[in-house]
Amino acid sequence: MTQTSKTRLTHPLFGPSAWRTLRFRFAFWVGSLLLVTQLIMGAFVYVRLQSRLLDTVDDSLRLNAVQIRAVVEAQEGMIAAPDSTDYSSLSADLQEQSLTARILSPQGEILQAFGIYRDISVNPSVIETVQRHRERLLTIADPNEIDENLRIFAVPILHQGELVGIVEVTQTLDSVNDTLEQLLVLFQLGVPVSVVIAALGGYELASRALSRVDRITAMAHRISAENLSARLDLPATNDEVGRLATMFDLMLDRLDASFQRERQFTADASHELRTPLAATRTILDTIRSRRRTVEEYEHALDDLADETIRLQNLVADLLHLARNDTAVTSTLEVIDLSALLQDITESLRPLAESKGLRFLSTVADGLSIVGDRDQLIRLFVNLLDNAIKFTDTGEIRIGGETGPKNLLKITVADTGRGISAEHLSHIFDRFYRIDRSRTTVGTGLGLALALSIARAHGGTIKVESDVGKGSEFIVWLYVDSLRS
Ligand code: ADP
């Protein structure tokens, strides 16, 4: 079983390293954040509600205590004995609100009491506080019911600054506790459910987004130099993953094209290298098949020298081309291009004149460029060499001037055989030669090399040609390709 199919069989949620997957971590974070937020919110709501409910209870206790005190005080400090005072209207009111009210003596004896908690023992802290003429509010455990609380409010009854009695009102807090308990139950159910839903939703969302990333990973796993034709072809979406997928496909396109070019180049190079080697072999076999005359040996040696030169040129061009592809313009300097072109022209003039060709130069003075001297020499020597090679009568003209936008324009024109339209678009291809017979010297790499040098200098080469009339190669170069 391959690594890929193994990976696919293990569901990421249950795999041994599930927690390391992005989708799991995303879900975990969504769930955790929601949990923390809900706990903080829940605690806040709980505390606020508890204090509001207690406030309501306290308000009602205070109101009732003050009302009872008003009734008692109206009797001018005389705390009535049981049934001598008419508390009946109050009693009905209190029962309706399920309140317990008691009137105590300053020492804490129960004088009057209504409601279900009328018999509970008097809390000493109530007496202690009220004896200091202060109100007292406290919560105690309900003696009748486990886990329930009572809220007690006590006020002093004063007559002429003297404590004559105590009004104590009591209410159970079970309704408050019930409400708070219901809220807790709601939280206990709601929080886990919403956290689980959010985490699952987060996991699903992340899975959807990342399934495309998984496809890219699987594709990257499958791709090798031999198989660059596969593409993701995911539906184009303008999100992060969509753009990644599109860029991935475009990168594969470029890699594919570049690998194909390299393969073609290697095939062409070996083919071209084979030809002079085969010719050398044939010459050697023929000459060694029997004894030869001195003239025949001399002739064979000349042929061998030709083939060796051809091989030497080819290897040199291949090397330059390979170097130019990788280390572009490695040694840059400011070059006086006018002087450089002058030197090249002068060194090639004898070759042109030996063929009876005129050599004219109209290069303007003071053209300068930041570039690689050796490469620029190679570029113009190649163009001029071709012009001389493919021209039988007439003239070769070399011109140079400044062009627009920091460009220099150098032209190499001849009155030679010209290039037909069908070949014009191919002459810059590597190994492309119009006349492939072995009588014309050349490797077909000269123009490819010239173009790659021009490009490395931020420029290009254009060509115009008329069959039978001549050709003009126009080289554009940036004055400073580094700053362009
Ligand atoms: P090579 O000169 O080594 O054959 P190049 O790449 O320099 O290779 O040129 C490719 C082909 O373009 C040449 O074989 C030739 O047929 C054609 N060519 C180049 N320059 C000229 C020119 N000035 N006049 C006519 N044909 C040319």
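We count ligands from 1, going down the list as the structure has it; atoms in each ligand are counted the same way. Heavy-atom basis, side chains included; hydrogens, waters and symmetry copies ignored.
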* Asked: So, are Arg212 and Asp239 salt-bridged, with charged N and O less than 4.0 Å apart?
  -> yes
* Asked: Are the charged groups of Glu472 and Lys462 less than 4.0 angstrom apart, N to O?
  -> no
* To do: Pick, from Val467, Ile419, Leu451, the option with the minimum heavy-atom distance to atom 26 (N) of ligand 1.
  => Ile419
* To do: Would you mind checking if Arg281 and Asp285 are paired as a salt bridge, meaning a charged N to carboxylate O distance below 4.0 Å?
  => yes
* **4.0 Å heavy-atom contact, Phe473 with ligand 1** => yes
* Strictly under 4.0 Å, does any heavy atom of Gly416 approach an atom of ligand 1? -> no
* To do: Find all atoms of ligand 1 within a distance of less than 4.0 Å from any non-hydrogen atom belonging to Tyr432, and give their numbers and elements.
  => 10 (C), 11 (C)
* Asked: Is the closest basic N to carboxylate O distance between Asp392 and Arg417 below 4.0 Å?
  -> no
* **ligand 1 contacted by Lys389 (non-hydrogen, < 4.0 Å)** => yes
* Check ligand 1 against Gly444 and write out every atom of the ligand that is under 4.0 Å from a heavy-atom position of the residue. => 1 (P), 3 (O), 4 (O), 6 (O), 8 (O)
* Asked: Are the charged groups of Asp253 and Arg231 less than 4.0 angstrom apart, N to O?
  -> yes
* Any side-chain heavy-atom pair of Leu150 and Leu173 under 4.5 Å -> no
* Phe390, Phe428, Phe431: member with heavy atom nearest to atom 22 (C) of ligand 1 -> Phe390
* Asked: So is Arg136 actually on top of Phe153's ring, under 6.0 Å and inside 45° of the axis?
  -> no
* Do any nitrogen or oxygen atoms of Leu447 come within less than 3.5 Å of a nitrogen or oxygen of ligand 1? -> yes
* Counting heavy atoms only, which of Leu424, Ile434, Asn386 is nearest atom 7 (O) of ligand 1? -> Asn386
* Check against ring pair (Phe, Tyr, Trp, His ring centres under 6.0 Å), Phe265 and Phe431 -> CA-CA 9 Å; Phe265 181 63; Phe431 299 110; 5.7 Å; yes
* Structure fact -> Note: ligand 1 atoms sitting under 4.0 Å from heavy atoms of Ser471 are 24 (N)
* Side chain, backbone, both or neither: Asp414 near ligand 1, heavy atoms under 4.0 Å -> side chain
* With atoms numbered from 1 as shown, which atoms in ligand 1 lie under 4.0 angstrom from a non-hydrogen atom of Gly446? -> 5 (P), 6 (O), 7 (O), 8 (O)
